[in-house]
Structure formats: C-alpha cells, structure tokens
Amino acid sequence: MGTHDAAADIVVRGGSIHTFDAHDTVTDALALRDGRIVASGRAAAALSATRVIELDGRTVLPGINDAHLHAAWLGARWPHLFFGDAGPGHSPEGRLVATEADRRAALTRAWRLLASLGITSYTEPGIGPGEDDGETGCFGQAMLDTYVTLHRAGAQTARVTLLRLFGHLDGEAELEDVRRGVASPVPATDPCWLNIAGVKIFADGIPPMRSAWVREPYLDGTTGALLTRGSDPVEAFRGMIAAALDAGCQIAVHATGDRSIDEFVSALESHGPAASGIPGGHYVVHADLVDAELLARMAQAGVGIAAQPVIADHTGAWMEPVLGASRTAAAWPLRRMIDTGVRTTITSDAPIATPDWRVTIDAALRMLGEDTPQVRRDLLHRVTTVPAAQDAAAQWKGTLTPGMAADLVVLDEDPTRPGRPVAGIGVAGTVVGGRVVFERGETPESE
Ligand SMILES: [Zn+2]
C-alpha cells in the first residue's frame, strides 16, 4: 500500500504499550502519522498503515529522555566511559575533536548509540564559548555551531535540549562572561528538535575531591568553595542567577554540596515569581549532599534535581574517607527526593557513566531497596515524563496518547515487572518523530 493511501504511516500493535498518561493507561495499539500519535487502542488497530510493526507480545514505552547526558563528549570517547570502562585499549586523553568533521562524527556516533538504546531526547548540559580553549574540544562554541548545522540538515535522531556554558566545564566562571553570554542571541532552531533555552552554571566541584561547598567541614577541616568569580564568589553567583533570569533562561546549576545547593535555592527564592515563571523551571545537577530541609524548600520553590544513581553507586566509597560514614550514608537521598515531591530526573551523566538507562534504572532500584511495579513505573517516569516537564515539553512529548510526538521504544519485556534486572531487557526498536531510527535485525515486522 502506498504512503498516500494509508491513514497512518505506522501502526504498532500486539503488545503492552505503556502510555504513561495521568492514569498510566496501558493500550495495545498506536497509529502514527506525520510524526505524531493519531490514534490508540482499537481505533489505531483498525487504521490502514504504510507499515505495521507487530510487537508479538513486546512492550512499548515512551522514548527515553536522559536529562543530563554529554552527547558530544560521549560520541568522541565511545566506547570509553569513566565508570565501568569496557572499551579496548587506553582511555582517550587530551584533544578528542579538532575539526568540523571530528565534531560531526562525534555527534553522529552518539546519536546512533542513543537510538540503539531507545533514547529519543536528552539534555546536552553545557556547551559554549567558556570551553573554547577546553582540553577535549567537545564543549566549545564550535560544537554548538555543529549542533545547529546538523539540526538544520535534519540529521538528528534524538531531540536535544542544550544548555549554554559561559565558564569552564567543572571549573570557574566569571560573572561578566555569564552576564554577556546569557544576553547574547541564540541561533534560530526548531525547539522541538534543538532547544537552546537554558544555561549551565558550575557552583562547586564534587565531595570526593573536597571541592563540594559544604556547611559542616570535611574531616580535614576544609569546606570547599564556590567556583563563581567576580568581586566576591557569592555575589558573583547571585549575579549570574539574576542575569540568567533576566534573560529568561532555564538555569541548571552543578551543585553537590549542601551549602552551594542552599545558595542556589536561596537565590531563586529571593526572585520569587521571576524565577518560578520560566518554562521548565530550574534544577540542581547532582545534589549529592542535599538534606531534608533543602528538599522541602526545593519542592516549595519548584526547583528540580537531575540525579545520577550510577555515579552515586561508584563514588560512595570515595566519599567516605573525606566525609565520614554517616554523611556518606546520607548522600544522594533518592527516596526522600521522590517522597518530598521534588521534580527528580534519573540521568546518566554519560560518558561519566554508561548512557544505558536500563543500567541506571537498576542502580536506582538498588538505592531505593525495593522492587515493585509502582516503584519501577515511578522510576521510568523519571526517564520519560519528568524530563519532558524539565524540557517544558510535557504538553507534546513524553506520553503516548493521541496528539503527542511519536517517540517510543520497543522492548523485549515489560520493565515494570519486578524481579528481573532492567539491563537484561533487549531494545528491539526506536521511533523518533514517527521515524524508525533503530531496529534490531530480528525485530518481527510486516509491510
Ligand atoms: Zn555532567
């Protein structure tokens, strides 16, 4: 049947389709047309289609959205990761990309990898002029320009939210650079595919290096400090927040210490509606040492968290010698983040950890110490609908109901069923904007 005769481009049918709508409805068929879902259930199954994907009992989830993933860096380093490196030979060092061809190759490699994992959206957290002289070449303005070029060429197989960076990655930033940067124009793009609406600010470092800014000193008596520079670090940090809000930017702050998280939340609280009215809201990246009092204030102020369960898994042992056992045990309070109602996304921070969300979900299940369908569904929302809200895009992506973007992943088994590692579940296919961007060789399907 030709494209023009069919009512749908693709009908997906014959399995459990988790829509992740407000009632967590499960349906058995979806019809896709022009990049969107046009029908579900019996109405979808009845439509003629150019292509039918027979699920054969497989499971469909909304496409995975990794709310904190350095795709350019991942593509340049792959298959090498910092944690759980499985790549052959030595971990790459120094300059990873130098030319436009290198940059395109890095992004294209990352996109192929992400498609094979079912990842249909991600946040690229920090690219811009602050890193023009950066060691790897992965984070400078040239990489942002490459993003825009590939975007305009229609080459993307994942939707991207890109945070601009006006200081150094994991390093210092000058107030004046951030002020000038957030006020500088953003390239024209289709925000459904490349949304450049936010800014990344590094408040501090990480606890194992004693560079997280903490209220109570480390065992050696130091406290870490802010990375923001101006007349005074605190004034510089507040000035950056104010300038970003003035420019209408979503703000993501790398903050791991309780004192830096407090400073960020206080700054947002002091701006009131000017801060809370920005689409997608603001959030803390990592939040290792967040406590109950801060979480309550964050829930109140609508400040989210992008959390990394695999990093938590790996760094606990490094944290203990500098913070002591009890503070280490209290770090990354995922259960409390969830119960307090803080908008918490579950993310990889690849290439620090694997971009494989299945491994990340398993790590989160271990952190929570429970395994029920409800807990699994809740965690899976944190890689689909919750990051869609962080992207200010929940009205058009993240759930599988008519009118929404046709972004989905086909899995061999149902990941909401307890008792089996999610990492053991195969990804059979990935659809982004109604287009099949990955299909495993043996996926059963018919024309
Ligand atoms: Zn990161």
Side-chain angles (χ1 to χ4, degrees), residues 64-78 80-85 91-92 96 106-107 110 113-114 119 121-128 130-131 134-140 143-144 147 158 160-173 196 198-209 211-213 227 250-257 260-261 264 282-290 304-315 318 331-332 344-357 359-360 363-364 382-383 387 390-391:
I64 303 301
N65 184 339
D66 190 330
H68 189 91
L69 177 148
H70 304 271
W73 197 20
L74 172 65
R77 288 181 55 87
W78 183 253
H80 292 279
L81 305 167
F82 289 91
F83 296 161
D85 193 340
S91 186
L96 302 174
L107 288 181
L113 170 64
L114 299 181
I119 295 170
S121 289
Y122 65 88
T123 291
E124 172 76 73
I127 291 200
E131 272 286 323
E135 186 191 11
T136 65
C138 292
F139 309 102
M143 187 60 87
L144 196 156
Y147 256 109
V160 179
T161 297
L162 190 148
L163 304 173
R164 291 197 293 171
L165 179 68
F166 302 105
H168 295 282
L169 194 87
D170 290 313
E172 297 180 357
I196 311 177
V199 61
K200 174 80 177 284
I201 296 170
F202 283 85
D204 63 1
I206 56 172
M209 305 296 290
S211 52
W213 193 30
L227 290 166
Q250 177 176 47
I251 307 170
V253 168
H254 169 116
T256 62
S260 55
I261 297 167
F264 179 41
H282 312 290
Y283 59 99
V284 174
V285 178
H286 308 308
D288 307 29
L289 301 178
V290 73
I305 292 176
Q308 295 78 29
V310 176
I311 295 185
D313 229 16
H314 273 75
T315 57
W318 305 339
W332 300 96
T344 304
T345 57
I346 298 293
T347 80
S348 69
D349 205 3
I352 304 298
T354 173
D356 190 335
W357 59 276
V359 172
T360 314
R382 295 173 193 284
V383 294
Q390 182 182 292
D391 287 340

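Position 1 is the first residue of the sequence, and the numbers go up from there. These figures come from a predicted structure and were not determined experimentally. Numbering of ligands and ligand atoms starts at 1, following listing order.
- Checked options Trp332, Phe82, Phe83; the residue passing with His314 is Phe83 (criterion: ring pair (Phe, Tyr, Trp, His ring centres under 6.0 Å)).
- Protein N/O/S atoms closer than 2.8 Å to the Zn ion (ligand 1), listed by chain and residue number, are His68 NE2, His70 NE2, Asp349 OD1.
- A donor-acceptor contact under 3.5 angstrom links the side chains of Ser260 and Asp204, judged on distance only.
- Side-chain contact between Asp66 and Trp357: absent, with no pair of heavy atoms (C-beta onward) separated by less than 4.5 Å.
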Distance-only donor-acceptor pairs under 3.5 Å for side chains of residues 305-312, two or more places apart:
from   : atom 1 : to     : atom 2 : distance (Å)
Gln308 : OE1    : His286 : ND1    : 2.7
Gln308 : NE2    : Ala306 : O      : 2.9
Gln308 : NE2    : Thr347 : OG1    : 2.9

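- Contact annotation: the side chain of Thr123 approaches that of Tyr283 to within less than 4.5 Å [non-hydrogen atoms, C-beta and beyond].
- Tyr147 contributes atom OH, which lies 3.5 Å from atom CD of Glu124 (distance to the nearest 0.5 angstrom).
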